[in-house]
Trainee: 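Quick one: this structure, given as structure tokens, is what I'll be asking you about.
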Amino acid sequence: MTAILVAAGLNKSFGAVTAANDINIAVERDSVVGLIGSNGAGKTTFINMVTGYLKPTTGTISFEGRDITALAPRQITRLGICRSFQIPQLFNSMSVAENLLVGVGIMASAGSDWIAAGRQTGNPGEAVDAILDQFNLGGYRDRQAGLLPEGTRKLLDIALAMVVQPRILLLDEPTSGVSADEKFELMDMVMKAVRETGVTVLFVEHDMEIVERYTDRVLAFYEGRIIADGAPATVLDAAEVRRYIIGEQR
Amino acid sequence: MKLDRTSVALLAVGAVLIAVGPVLPKWGVSLLNVSLCYGIVVLGMMLMMRTGLVSFGHGLYYCIGAYAGGLLDHYLKLPDMLLMVAGGALSAAVVATILGFLLAKYRDIFFAMLSLAFSMILYGLLTKSASLGSTDGFNVAAKSIAGVAVNGEGRQFAAYALTVALAAVCALLLNLYLRSHRGRLAEAIRDNELRVEYMGASVRNIVHLHYIMAATFAGIGGAMMSINIGHIDPEMTYWPQSGEFVFIGILSGTGSVFAPMLGALLFETIRSFAYEYSPNTWQMVLGITMLIVIVFLPGGLWSLFRQRRAP
């Protein structure tokens with residue numbers, strides 16, 4: 001397998017606080033990678049650096065061999081790296097279908113074709129219906145996004161990331177705020193959609209059941225460093241991971 | 001290209017207004033002229049409001065449009081209505097393209113106040129420019145339309161017909177744009193800029209584009225107003241003028257391209273009657289009107305139609 005995303009020597013400091021300390025990662029294509037760690041360990045900082053929201057103090061990030069360290073979030077998205085958020089980022093005054101239509105529209109106007117962007121192309125409704133079906137959101141089609149239950153908001157947030165057809169999907173705590181009954185259902189749906197489209201996934205998660213069940217590799221963060229990297233069973237059994245991240249739960 | 005109901009209605013109303021123009025009383029023509037010129041300007045305000053931005057200085061482009069058209073007549077001796085409108089639109093668009101590089105970075109009150117500052121800078125420049133008539137401004141007299149000489153009542157009707165046609169075309173173009181992929185991003189930006197960026201679109205570029213479009217509409221409205229009124233002065237960029245556009249924008253709502261036209265018509269009607277029957281307190285009448293709209297129709301006049309249509 002080949003690396004689709006490579007982070008080399010990433011460091012990020014906020015004043016005296018070091019949020020990323022010499023992070024070196026190579027993510028293989030089509031893999032599902034879990035990022036674990038306690039709060040403030042540097043997981044979200046890593047995702048923010050990959051997606052361009054934060055620039056590393058030193059180090060480089062490359063995607064499919066191209067250096068993306070200095071690119072803006074929208075440029076990185078255009079290349080094929082999309083993300084969801086810990087707190088869902090939706091268009092709250094719009095309906096679910098209109099939310100997705102925004103993404104379909106942005107895809108239709110990819111690049112700088114202003115003429116294509118300025119007219120209706122194809123039938124955007126079909127593309128929206130396909131995503132609604134994929135994420136089982138059809139029943140919420142005309143519901144206002146701002147009034148949806150939290151689990152559905154999470155799902156729509158992920159669907160919005162998927163609508164722009166990424167090659168890498170970064171999920172920031174996809175099951176936080178979702179009830180225990182719904183979390184596997186949500187992850188099953190997301191993973192099914194991801195596998196159908198061949199997207200590489202990195203997700204931040206505190207729920208070790210989710211991590212064990214859905215990942216094929218786990219990166220454990222502690223104080224901005226990666227303290228363990230490998231198969232889920234191996235990483236979750238590592239002494240440092242048990243001491244600093246899982247505690248005595250296992 | 002398939003036209004939606006709004007577009008068809010716009011063309012139909014425009015055609016009817018032009019057809020009945022010759023039989024309308026003078027006051028009716030005058031009221032429609034002023035209202036539609038304001039309506040064209042407020043179309044741009046509506047686009048900006050949909051994008052989540054309110055300009056307190058949109059009079060800047062209204063005035064630039066008027067002066068550009070007026071200067072074509074005054075200095076270049078090109079008193080053609082279409083040329084004056086084209087000159088006004090182009091001048092406003094060029095200035096907005098330049099200022100937009102700065103303004104597109106700002107949001108909320110910073111955008112509003114910065115736009116006000118630019119309009120007041122122009123006001124200061126114009127009042128100090130003796131060659132442009134200083135505070136008195138100067139008269140404008142369009143004498144032809146598309147090269148065809150017009151005068152007397154023919155000139156008045158030509159100006160009226162052009163105003164109606166421009167209002168319909170501007171509203172039609174904006175309606176088509178708002179239905180397009182990029183047009184839909186206006187409300188998305190208002191709701192959540194971060195998400196728009198993370199879906200791969202440049203918020204700053206879209207805001208800049210919308211700012212230029214809004215300015216172009218204002219330039220057209222300003223040039224057309226100068227043709228209709230026959231006079232221009234720096235008051236067109238003074239802050240109360242921009243305040244009137246904001247007033248009409250809030251009164252209208254952002255639900256449809258028809259709304260700015262109806263809002264402007266209502267505003268002008270109330271102002272005319274209030275000034276006629278209550279010359280010392282007409283501002284209070286407008287203030288109370290605004291209060292009523294904000295309390296009972298926070299989505300503007302157009303929300304009234306939406307509520308009625310809802311099951």
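Small disclaimer: the values here were computed from a predicted structure and weren't measured. We name chains A, B, ... by the order of the sequence lines, and we start the count at 1 in each one.
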Trainee: Count the heavy-atom pairs under 4.5 Å between each of A:Leu79, A:Ile76, A:Thr51 and chain B, then report the option with the highest count.
Mentor: A:Thr51

Trainee: Is the count of non-hydrogen atoms from other residues, nucleotides or ligands lying under 6.0 Å from A:Lys55 atom NZ greater than 12?
Mentor: yes

Trainee: Please say whether more than 12 non-hydrogen atoms of neighbouring residues, nucleotides or ligands are located less than 6.0 Å from CG in B:Leu194.
Mentor: yes

Trainee: What's the spacing between B:Leu185 CG and A:Ile106 CD1 if we round to 0.5 Å?
Mentor: 5.0 Å

Trainee: Quick one: pull up CZ in A:Phe85 and CG in B:Asn192 and give me the separation to the nearest 0.5 Å.
Mentor: 7.5 Å

Trainee: Which atom names give the shortest non-hydrogen contact between B:Ala201 and A:Arg78, and what distance separates them?
Mentor: CA-NH2, 4.4 Å

Trainee: Below 4.5 Å, heavy atoms only, C-beta onward: do A:Gln75 and B:Ser202 meet side chain to side chain?
Mentor: no

Trainee: Report which part of B:Val196 has an atom under 4.5 Å of a heavy atom belonging to chain A: side chain, backbone, both, or neither.
Mentor: both

Trainee: With a strict 4.5 Å heavy-atom criterion, list every residue of residues 101-108 of chain B that contacts chain A, or say none.
Mentor: none

Trainee: Would you find more than 12 non-hydrogen atoms of other residues, nucleotides or ligands less than 6.0 Å from A:Glu185 atom CD?
Mentor: no

Trainee: Minimum heavy-atom separation for A:Gly103 to B:Met199, with atom names?
Mentor: CA-CE, 3.3 Å

Trainee: Once you measure the plane-to-plane angle for A:Tyr53 and B:Tyr198, does it fall in the parallel (<30°), tilted (30-60°) or perpendicular (>60°) bin?
Mentor: tilted

Trainee: Looking at A:Val163, A:Asn99, A:Leu160, which makes the most heavy-atom pairs under 4.5 Å with chain B?
Mentor: A:Leu160

Trainee: Does a sphere of radius 6.0 Å around CZ in A:Phe63 hold more than 12 heavy atoms from other residues, nucleotides or ligands, not counting ones at 6.0 Å or beyond?
Mentor: yes

Trainee: For A:Arg83 and B:Arg195, which heavy atoms make the closest approach, and how far apart are they?
Mentor: O-NH1, 3.3 Å

Trainee: Which atom pair, heavy atoms only, marks the closest approach of A:Thr77 to B:Gly200?
Mentor: CG2-N, 3.6 Å

Trainee: Closest heavy-atom contact between A:Met94 and B:Asp191?
Mentor: N-OD2, 3.8 Å

Trainee: Considering only heavy atoms, which portion of A:Leu90 lies under 4.5 Å from any heavy atom of chain B: side chain, backbone, both, or neither?
Mentor: backbone

